[in-house]
Structures are given as C-alpha cells and as structure tokens.
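Hydrogens, waters and symmetry mates play no part in the numbers below; they use all other heavy atoms, side chains included. Chain letters run A, B, ... following the sequence lines, proteins first, then strands; residues in each count from 1.
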Amino acid sequence: MPELPEVETIARELNGHVTGRRIEAIEIFRADALGRQAPADFCRALRGREIRHCSRRGKYLIFHLHPERYLVVHLRMTGKFAVTAPLEAPLRDHRLWFHLDDGRVLVFQDLRCFGTLDVVARLSDSPALSKLGMEPLSPQCTQSWLRRALAASRTPLKPWLMDQTKIAGLGNIYASEILYAAGLDPTQPANGLDGPSVARLHRATRRILRKAILKSGTTISDFRRVDQKTGEFQHFLRVYGKAGEPCPKCKTPIAAIRQQQRSTFYCPRCQR
DNA sequence: AGCGGAACCTGTCGGC
DNA sequence: TGCCGACAGGTTCCGC
C-alpha cells in the first residue's frame with residue numbers, strides 16, 4: 001500500500017494519538033509480521049515502554065520508545081494502524097493490539113499479512129533501515145547528488161526510482177507520476193539523462209512528494225489514515241491507473257506497460 | 001549489474 | 001452462479 005507520502009501521513013497522525021502513551025500489554029492474533037522474533041520476546045521488549053514519537057525513513061514507520069528501543073514497521077501492501085476504544089474481539093484483519101495506558105488500543109491491521117514489525121535496541125541495528133538510500137526530501141538530495149547517482153546505473157528510469165537502495169520511499173504510483181511530471185520516458189536508462197532532464201526529475205520528485213504529503217497521501221483502494229479518513233492525492237494523479245484515458249496535456253491515450261512485473265503508466269508523446 | 005521469476009497471503013474483478 | 005486466472009500500492013531471494 002503505502003509509499004513515502006502515506007507513511008509520512010501515518011507517522012504524523014500517530015504522533016497526535018500515541019505520543020507519551022505507555023504500552024501496557026500486547027495481544028498477538030497472528031504472528032506472521034514478527035518474522036523470526038518469538039512473540040514472547042517481542043512482547044517483553046515492548047511492554048512498559050513509552051512511545052516518545054513516531055517517524056518515517058523511506059517507507060518504514062519508526063516508533064521511538066523509552067527506555068530506548070525502536071519498533072520498525074513496514075506496512076507493505078495492506079498494513080494499517082488505528083487507535084480505538086477497547087474492542088470485544090479482533091476484526092478479521094487485526095494482527096496485533098497494543099494496549100495503551102490511557103485505555104485505548106493501537107491496532108495493527110494487515111489483510112495480506114505482508115507487513116513486518118521489528119524491535120531493535122538501536123536504529124543502526126536494523127538491517128532493513130541500513131540498506132535504504134537517499135531521503136528524497138532531505139537537504140542532501142541535491143541535483144548534483146541525483147546526477148551522479150543516475151550516472152552510475154543503466155537501469156531503466158522507473159525501476160531505478162523504485163529501487164529503495166538508491167532513493168528511499170518511492171513506489172509504483174509516485175514513480176509513474178514523477179516521470180510524467182518530469183516528461184521522461186520510464187524505459188530510458190538512468191545514465192542516459194542529460195543535465196536539463198536531471199533537473200526536471202529532481203524538481204518533479206520533490207514537488208510531487210510534497211504535494212502528496214500535503215494531501216495526506218493517495219487512497220486507491222484501501223489506504224486509510226489513522227482516523228480512517230482517506231488520502232486525497234488520488235484526485236491529482238495524472239497517469240497512474242489511467243491506461244487508455246487521454247493525456248491531460250496532449251490527449252494521447254495513456255499507455256500501460258510492464259517493467260519488472262509492475263505496471264508502468266505513461267504518455268508516449270509527452271515522455272521522451 | 002541487472003533481469004525474470006517466484007515467494008510471502010488474501011481479496012477482488014473480469015471473462016467464460 | 002461458479003470457477004479460474006490475473007492483478008493489487010512491496011520486498012527478498014534465487015538463478016542466469
């Protein structure tokens with residue numbers, strides 16, 4: 001489900017709901033998300049700790065706990081968090097309940113059971129986080145960084161943008177939208193971009209992500225915010241999911257192709 | 001280095 | 001109505 005803007009939205013909203021709350025107990029209804037961590041160890045590592053705040057790195061959500069521990073969560077396709085009053089019984093997609101010290105419950109839901117939750121003592125202990133590349137909205141993500149990074153690879157642009165070890169946080173929706181906004185062919189090799197193209201890609205990446213965060217992300221089927229509201233960026237999508245519809249700029253039908261087993265949407269006329 | 005394919009798991013949708 | 005395959009916003013592993 002969620003890419004950078006959706007995870008950023010969830011982190012911000014969780015801050016309003018769970019900051020300062022202590023985790024009093026944990027109930028696990030289905031342990032897939034814990035990977036090789038034993039449920040008892042997982043609970044023991046979290047119980048009694050206070051949630052100081054939530055942040056995001058790439059598509060990972062990070063709960064900063066006190067005394068120091070970190071809960072590193074990846075929502076994959078269908079993971080969600082909700083904060084609710086106590087329930088009698090878990091709903092079908094409820095995987096874990098974190099009982100908080102104000103009586104409410106932080107619920108982790110995940111229909112497809114792809115999501116992951118890991119507890120680490122230090123952020124540098126997380127193998128997942130250590131593999132991530134540049135944060136696209138950070139000050140370090142400059143045009144010259146992007147130029148050098150692109151020059152090192154002949155991978156087609158769209159798969160390049162989705163490679164989390166290069167830039168962290170872009171998925172299938174935003175990669176397509178960014179390339180449309182930049183007017184770039186998703187199939188062209190990363191190292192084939194000239195200076196002006198790199199500049200357009202850099203600007204489009206930051207502009208699209210900032211706007212998507214402003215709109216609280218994209219809800220296509222099941223993304224929900226912590227309060228169950230939908231994101232609103234889907235109203236601003238130009239190409240994603242719009243195969244056959246006219247390009248907003250030139251009216252050429254939007255094309256759909258497969259790249260690395262994922263759909264790519266683009267305008268064959270505007271993107272070269 | 002980089003690609004295709006499969007795997008993780010569940011639901012939905014379109015075609016026949 | 002029912003069955004079957006394709007597909008879904010992600011990541012990782014394996015083999016070539």
Discussion item. Under 4.0 Å from OP1 or OP2 of dT11(C): is there any side-chain N or O of R262(A) that close?
Written reply: no
Worksheet item: Hey, does I220(A) reach any base, or is it just sugar-phosphate, or nothing, if we go heavy atoms under 4.0 Å?
Response: base
Discussion item. Give me the distance, rounded to whole Å, that separates dC9(B) from dG2(C) when you measure between the C1' atoms they each carry.
Written reply: 23 Å
Fill in: Atom pair distance, as rounded to whole Å: CZ in R154(A) and P in dG2(B)
6 Å
Practice prompt. Would you name the heavy atoms of S216(A) and F223(A) that are closest together and state the gap between them?
Written response: O-CE2, 3.5 Å
Worksheet item: Going from CZ on F114(A) to OG1 on T78(A), what distance comes out if it is rounded to the nearest 0.5 angstrom?
Response: 7.5 Å
Item to complete: Taking the side chain as every heavy atom from C-beta outward, state whether L61(A) and I10(A) have any atom pair closer than 4.5 Å.
Response: yes
Discussion item. Under 4.0 Å from OP1 or OP2 of dT11(C): is there any side-chain N or O of H74(A) that close?
Written reply: yes
Worksheet entry | Quiz item: cation-pi between K242(A) and Y180(A), 6.0 Å / 45° | no
Worksheet item: DNA chain C in dot-bracket, Watson-Crick or G-U pairs under 3.5 Å, [ ] crossing, | other strand?
Response: .|||||||.|||||||
Discussion item. Just the rounded figure in Å: distance from P of dC7(C) to CG of N172(A).
Written reply: 13 Å
Worksheet, complete the sentence: So the salt bridge (charged side-chain N to carboxylate O under 4.0 Å, His left out) pairs with at least one residue in residues 163-174 of chain A (sequence neighbours excluded) are D163(A)-K166(A)
Item to complete: May I ask whether F114(A) stacks on the base of dT11(C), given the cut-offs of 5.5 Å between ring centres and 30° between planes?
Response: no
Item to complete: Please tell me which of the listed nucleotides, dC9(B), dT11(C), dG2(B), lies nearest to the side chain of T155(A)?
Response: dG2(B)
Discussion item. Is the phosphate of dT10(B) approached by R30(A) (side-chain N or O, under 4.0 Å from OP1 or OP2)?
Written reply: yes
Practice prompt. Would you classify Q164(A) as touching base, sugar-phosphate or nothing, given that sugar-phosphate means primed atoms plus P, OP1 and OP2, and contacts are heavy atoms under 4.0 Å?
Written response: sugar-phosphate
Worksheet item: Under 4.0 angstrom, heavy atoms only, what part of the nucleic acid is T116(A) near: base, sugar-phosphate, or nothing?
Response: nothing
Response to the item:
Looking only at dA8(C), dC3(B), dT11(C), the nucleotide nearest the K59(A) side chain is dT11(C)
Worksheet, complete the sentence: M77(A) has its side chain closest, among dG2(B), dG10(C), dT12(C), to dG10(C)
Worksheet item: Once the angle between the rings of H64(A) and H53(A) is folded into 0 to 90°, is it parallel (under 30°), tilted (30 to 60°) or perpendicular (over 60°)?
Response: parallel
Fill in: Side chain of L111(A) (C-beta onward), nearest among dC9(B), dG10(C), dT10(B)
dT10(B)
Item to complete: Mind checking P156(A) for me? I need base, sugar-phosphate or nothing, with any heavy atom below 4.0 Å counting as a touch.
Response: sugar-phosphate
Discussion item. Please confirm whether the ring centroid of Y174(A) lies under 6.0 Å from the ring centroid of F233(A).
Written reply: yes
Discussion item. In whole Å, I'd like the distance from the CZ atom of F265(A) to the P atom of dA8(C).
Written reply: 7 Å
Fill in: Electrostatic pair R21(A):D101(A) at N-O distance under 4.0 angstrom
yes
Worksheet, complete the sentence: Taking for K131(A) and for R112(A) the nucleotide of DNA chain C with the nearest heavy atom, the one nearer the 5' end belongs to R112(A)
Discussion item. Regarding R95(A), tell me which of base, sugar-phosphate or nothing describes its non-hydrogen contacts under 4.0 Å with the strands shown.
Written reply: nothing
Worksheet entry | First encountered from the 5' end of DNA chain B, between S153(A) and Q261(A) | S153(A)
Discussion item. Under 4.0 Å from OP1 or OP2 of dC7(C): is there any side-chain N or O of S263(A) that close?
Written reply: no
Worksheet entry | Expected output: side-chain R206(A) to main-chain P136(A) donor-acceptor under 3.5 Å | yes
Fill in: Minimum heavy-atom distance between V7(A) and P2(A), given as atom pair plus value
CG2-CB, 3.8 Å
Item to complete: Using the P atom as the reference point in each nucleotide, state the distance between dC3(C) and dC8(B) in Å, no decimals.
Response: 24 Å
Discussion item. Among residues 231-239 of chain A, which ones have heavy-atom contacts with DNA chain B below 4.0 Å?
Written reply: none
Practice prompt. Would you mind reading off the distance between I173(A) atom CD1 and dG10(C) atom P, rounded to a whole angstrom?
Written response: 7 Å
Worksheet item: When the distance from NZ of K166(A) to P of dT11(C) is rounded to whole Å, what number comes out?
Response: 14 Å
Practice prompt. Let me know the distance between CZ of R76(A) and P of dC9(B), rounded to the nearest Å.
Written response: 12 Å
Discussion item. For a quick check of understanding: with a heavy-atom distance under 4.0 Å over all strands, which category does Y174(A) fall into, base, sugar-phosphate or nothing?
Written reply: nothing
Worksheet item: Is the ring centre of F98(A) less than 6.0 Å from the ring centre of F63(A)?
Response: no
